[in-house]
Amino acid sequence: AFFGDRTRHVLGVAGKSRVFATEVLTHPVYEAVCDRVLLPSCARYRLNIAHVMDRGPGSVRQWPHRDELVWNQVPSPHPELQLASVIALVDFSADNGATVVVPGSHRWDDRDRMPTEAEWVAAEMPAGSAVIYLGSTIHAGGANTTDGWRRGIHVSYCLGWLRTAENQFLAVPLDVARGLPR
């Protein structure tokens with residue numbers, strides 16, 4: 001129900017594509033933003049999840065959520081726990097299910113507050129672009145009212161002392177992992 005019945009996933013992308021693992025996951029922009037946001041709160045951050053998500057025709061907007069809530073046992077206030085992004089593999093539009101975010105929601109004192117419709121912004125962007133947001137930002141997969149599939153890659157990094165959503169030790173075969181950058 002969380003992703004909807006019109007969403008397809010390919011999990012463990014880091015273990016399936018060497019180019020993705022060596023050129024996308026270690027891109028200098030990701031490293032710079034993770035260094036700035038996550039590194040002050042840990043000795044080392046790590047890949048939380050990397051999966052392809054296709055939102056198909058008829059997909060409804062996903063439930064509003066903050067990705068960091070998977071670590072609900074971490075007491076508040078706390079530092080930023082996660083940095084997330086969606087990379088557009090096709091042009092993203094409001095009609096085909098572009099990720100929607102609520103800018104500034106990471107600063108809301110009332111963590112139970114739900115956004116008004118006017119506060120949502122669709123991350124419309126051409127293929128090859130990405131939206132980067134904090135794990136404390138309210139967001140959702142958008143509704144796809146077209147007859148095409150909206151394909152993107154969701155990538156997130158988290159503080160090194162947290163358990164990851166996707167176990168990279170199992171998702172990436174050992175012989176593949178040995179050939180990847182640290």
Side-chain angles (χ1 to χ4, degrees), residues 1-56 59 62 65-75 78-92 97-99 101 106 123 125-137 139-141 149-182:
F2 179 72
F3 291 108
D5 61 357
R6 301 290 302 151
T7 301
R8 302 182 299 204
H9 296 266
V10 176
L11 301 169
V13 179
K16 293 177 171 59
S17 169
R18 179 170 176 71
V19 170
F20 180 76
T22 61
E23 295 183 27
V24 176
L25 293 179
T26 62
H27 193 280
V29 170
Y30 276 137
E31 289 185 5
V33 178
C34 284
D35 285 354
R36 175 86 185 255
V37 173
L38 300 176
L39 206 50
S41 302
C42 63
R44 181 175 295 127
Y45 51 85
R46 57 184 165 162
L47 179 63
N48 180 48
I49 192 168
H51 60 133
V52 176
M53 292 177 52
D54 284 342
R55 296 197 49 79
S59 294
Q62 190 180 33
H65 64 281
R66 300 173 194 265
D67 286 346
E68 72 174 17
L69 291 180
V70 298
W71 300 290
N72 62 4
Q73 74 280 8
V74 177
H78 55 69
E80 289 297 336
L81 303 176
Q82 177 190 32
L83 184 83
S85 67
V86 176
I87 304 167
L89 297 179
V90 299
D91 292 346
F92 274 32
T99 301
V101 297
H106 66 289
M125 56 188 160
S129 301
V131 59
I132 297 176
Y133 53 94
L134 300 170
S136 56
T137 302
H139 67 285
W149 288 80
R150 189 232 60 187
R151 177 171 290 172
I153 300 176
H154 176 250
V155 174
S156 77
Y157 300 86
C158 66
L159 300 178
W161 47 268
L162 293 170
R163 174 177 247 163
T164 58
E166 183 176 62
N167 187 331
Q168 301 303 322
F169 298 106
L170 298 176
V172 181
L174 186 57
D175 60 320
V176 173
R178 285 187 175 121
L180 297 177
R182 185 177 174 86

**Q.** From Glu80, Arg66, His78, residue fulfilling side chain to side chain donor-acceptor pair (under 3.5 Å) relative to Ser136
**A.** Glu80

Heavy-atom pair of closest approach, residues [X] and [Y]:
| X | Y | value |
| --- | --- | --- |
| Cys158 | Trp71 | CB-CH2, 3.7 Å |
| Gln82 | Leu38 | N-CD2, 3.8 Å |
| Gly152 | Phe92 | CA-CZ, 4.0 Å |

(Q) Is any side-chain heavy atom of Ile153 closer than 4.5 Å to one of Leu89? (A) yes

[Y] backbone acceptor or donor facing [X] side chain under 3.5 Å:
| X | Y | result |
| --- | --- | --- |
| Asp91 | Ala127 | yes |
| His9 | Leu11 | no |
| His65 | His139 | yes |
| Ser17 | Val13 | no |
| Arg46 | Gly160 | yes |

**Q.** Stepwise side chain to side chain contact (heavy atoms under 4.5 Å, CB included) check, Leu180 with Arg18
**A.** CA-CA 8 Å; Leu180 297 177; Arg18 179 170 176 71; 3.5 Å; yes

Q: Could you check Ile49 against Thr164 for side chain to side chain contact (heavy atoms under 4.5 Å, CB included), going step by step and ending with a plain yes or no?
A: CA-CA 7 Å; Ile49 192 168; Thr164 58; over 6 Å; no

Q: Check the side chains of Tyr133 and Thr99 for a donor-acceptor pair under 3.5 angstrom, ignoring hydrogens and angles.
A: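 No, because no side-chain N or O of Thr99 sits under 3.5 Å from a partner of the opposite role on Tyr133.
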
